[in-house]
Student: 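My questions will all concern the structure given below.
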Amino acid sequence: MKHSVVEMSQRNTQVSVPFLLSSRGYGFLWHNPAVGKAIFAKNFTQWQADASRQVDYWITAGDSPAEITERYASVTGTVPMMPEYGLGFWQCRLRYWNQEQVLDVAREYKRRGLPLDVIVVDFFHWPKMGDFRFDSEFFPDPKAMVDELKEMGVELMVSVWPQIALTSENYEEMRQLGLLVRAEKGNQVTMQFPEDSTFYDATNPRARAYVWEKCRKNYYDIGVRIFWLDEAEPEYGVCDFDNYRYHLGNASRVSNIYPQLYARGFYEGMEREGQKNIVNLIRCAWAGSQRYGALVWSGDIDSTWVDFRCQICAGLNISLAGIPWWTTDIGGFSGGDPKDLAFQELLVRWFQFGTFCPVMRLHGDRIPSKMIYNKSGNKVMHTGADNEIWSFGEENYQILRKYLLFRETMRPYVRQLMQEAHKTGAPVMRTMFYQFPEDAQCWELIDQYCFGPDVVVAPVTQPGAVERQVYLPAGCAWISLHDGARFEGGQTVNASAPLETIPVFLREGSHEEWIKAI
């Protein structure tokens, strides 16, 4: 972290949670939602807010990273208990554009005997941005769709965007009620995708209640129990933060808290309906988002090896920032042709990594895309190429199937990790130094991690690689998941990693029955 300057603002692929965990035994929370920056120079650290009415920060100390993290969680909150459908596999793509397509994919997973916990209806299933309902042309009976999925043991997650198009059926009422973000100067348009729109003001309790009521009536009441809260930054067309006005104040002073309050609106609405163990997927977060059931993902990353390598650090950093629920678009979001051999290799390696993430979720805008037209002949949002685990060739399907089934083998262990996260705030995905702070070598490792206390995971992040070095922490022996070989801790080993294998090591005496399962 030293020798760096970190912008504190929410952007697509950039989550700003201003908490620092130091190797010197303390944690520091910059409790200020203003846009700003943190400067980590060689001989000083500086936190800066562009606009603020007061400076507020919180410091704790501990003898280990675990102590610091748990004390931080004690003041900012812990996640709910992850529901059972959060422990398995989530299937998504951009985008399932009609009701029968959603059902056909779920039926195919069941026909093949593949576990599937959640399937996702992505954006533009609505008539206009901000209508908060299914388009009846493409989804004529959404309740029947939800009911059939539930009979298969599959939950439906539905995308919600905070954008309100000027043509939306709700725009004029929301404008008159003062529920929208306002521009301080100029046109009252804050984004132009795919048409002129503005964002609803999640800092306004009345706006949160209004949006939830629309979603309750049109989604929740037909059985939807998971929401995908996209665009949570929110993603302005031009990020001139001082030109936007919220209920809580100018965006320069308060905008980093927007995603937390966006999550809060849905969490509290679902809680009022009596739902327990709430989880909603969201693209951004701030300190305390975890207590509102926020499952954060890393945004619209590209389908490249560079972006894949960055996912390890992204997941570990957000876990240290008090948010144990994290996921990545397996295969990356932008690009990737399922028929391209180079992309298939990347997808397999990413899928293996996703098996050992808090939530395992396959998503992406695959190429080539296909344009969709409504019955009037007008273009609606395109759909990407196939993105199911059988979409990448038969040999790769067998590998993906193996890891999908192995995730089921790990379900009791993942449940145990989620219980610990709920009770203490402990991360599910852990830096090596979090789990082994006394081992100096573990403080230097950025491309391997612990999945809970008993599993060391070393993703293969280079194309064509068939082996990689893995450091095994001192203090215990380690067993290779794939062949049962035993290694003393405190050494670096050269692990075999053909395409079907991700190097994984189990703490001796734990989960050795998994070796037969893999």
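Given the structure is predicted, the values throughout are model-derived calculations rather than measurements. Start at 1 with the first residue, then count along the sequence.
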Student: Evaluate whether atom CZ of Phe193 has more than 12 neighbouring non-hydrogen atoms of other residues, nucleotides or ligands under 6.0 angstrom away.
Tutor: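 More than 12 heavy atoms, drawn from other residues, nucleotides or ligands, come within 6.0 Å of this atom.
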Student: Anything under 30° is parallel, anything over 60° is perpendicular, the rest tilted; go ahead and classify Trp228 against Trp297.
Tutor: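 Perpendicular, since the angle between the ring planes exceeds 60°.
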Student: With sequence neighbours excluded, what pairs up with Asp447 under the side chain to side chain donor-acceptor pair (under 3.5 Å) test?
Tutor: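 Here the qualifying residues are Arg468.
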Student: Not counting sequence neighbours, which residues clear side chain to side chain contact (heavy atoms under 4.5 Å, CB included) with Gln176? List them please.
Tutor: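 Partners of Gln176 under the side chain to side chain contact (heavy atoms under 4.5 Å, CB included) test: Glu172.
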Student: So, Tyr258 versus Tyr246, ring centres under 6.0 angstrom or not?
Tutor: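 Yes: the rings meet the under 6.0 Å criterion.
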Student: With a 3.5 Å cut-off and no angle check, do the side chains of Gln10 and Ser255 form a donor-acceptor pair?
Tutor: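 No - no donor-acceptor pair under 3.5 Å links their side chains.
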Student: When you compare the side chain of Asp230 with that of Trp161, does any pair of heavy atoms fall below 4.5 Å?
Tutor: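 Yes; the side chains approach each other to less than 4.5 Å.
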Student: Is the Phe19 ring parallel, tilted or perpendicular to the Tyr72 ring (thresholds 30°, 60°)?
Tutor: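 Geometry flag for Tyr72 against Phe19: parallel rings.
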Student: Residues in salt bridge (Lys or Arg N to Asp or Glu O under 4.0 Å) with Arg245, at least two apart?
Tutor: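 Arg245: salt bridge (Lys or Arg N to Asp or Glu O under 4.0 Å) contacts with Glu184.
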Student: Any non-hydrogen side-chain atom of Tyr449 less than 4.5 Å from a side-chain atom of Tyr434?
Tutor: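 When only atoms from C-beta onward are counted, Tyr434 and Tyr449 do not touch, as no gap falls below 4.5 Å.
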Student: Sorted by first residue and then second, give each salt bridge (charged side-chain N to carboxylate O under 4.0 Å, His left out) pair with at least one member in residues 216-225; sequence neighbours left out.
Tutor: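 Checked against salt bridge (charged side-chain N to carboxylate O under 4.0 Å, His left out) - neighbours excluded - the pairs reaching residues 216-225 are Glu213-Arg216, Arg216-Asp221.
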Student: So, Ser334 versus Asp365: side-chain donor-acceptor pair below 3.5 Å or not?
Tutor: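 No donor-acceptor contact under 3.5 Å links the two side chains.
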Student: Within a reach of under 6.0 Å around CD1 of Ile39, are more than 12 heavy atoms found that belong to other residues, nucleotides or ligands?
Tutor: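 Yes, because the 6.0 Å sphere around CD1 of Ile39 holds more than 12 heavy atoms from other groups.
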Student: Below 4.0 angstrom, N of the basic side chain to O of the carboxylate: do Lys128 and Glu169 qualify?
Tutor: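 No, this pair does not count.
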Student: Tell me which pairs pass salt bridge (charged side-chain N to carboxylate O under 4.0 Å, His left out) where either residue lies in residues 86-99, with sequence neighbours left out.
Tutor: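 Checked against salt bridge (charged side-chain N to carboxylate O under 4.0 Å, His left out) - neighbours excluded - the pairs reaching residues 86-99 are Arg93-Asp386.
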Student: Would you please say whether a donor-acceptor pair under 3.5 Å links the side chains of Thr198 and Gln188?
Tutor: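 Result is no, nothing qualifies.
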Student: Can you find a heavy atom in the side chain of Trp212 that is under 4.5 Å from one in the side chain of Phe266?
Tutor: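 The answer is yes, as the side chains (C-beta and beyond) meet within the 4.5 Å cut-off.
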Student: For Glu388, enumerate each residue passing the salt bridge (Lys or Arg N to Asp or Glu O under 4.0 Å) test, keeping only those at least two apart in sequence or located in another chain.
Tutor: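 Salt bridge (Lys or Arg N to Asp or Glu O under 4.0 Å) list for Glu388, sorted by chain: empty.
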Student: Is a donor from one side chain sitting under 3.5 angstrom from an acceptor on the other, for Asn256 and Ser16?
Tutor: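 The answer is no; no qualifying pair exists.
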Student: Quick test of your reading of the model: are Arg366 and Asp337 salt-bridged, counting only N-O distances below 4.0 Å?
Tutor: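 No, no charged N to carboxylate O under 4.0 Å.
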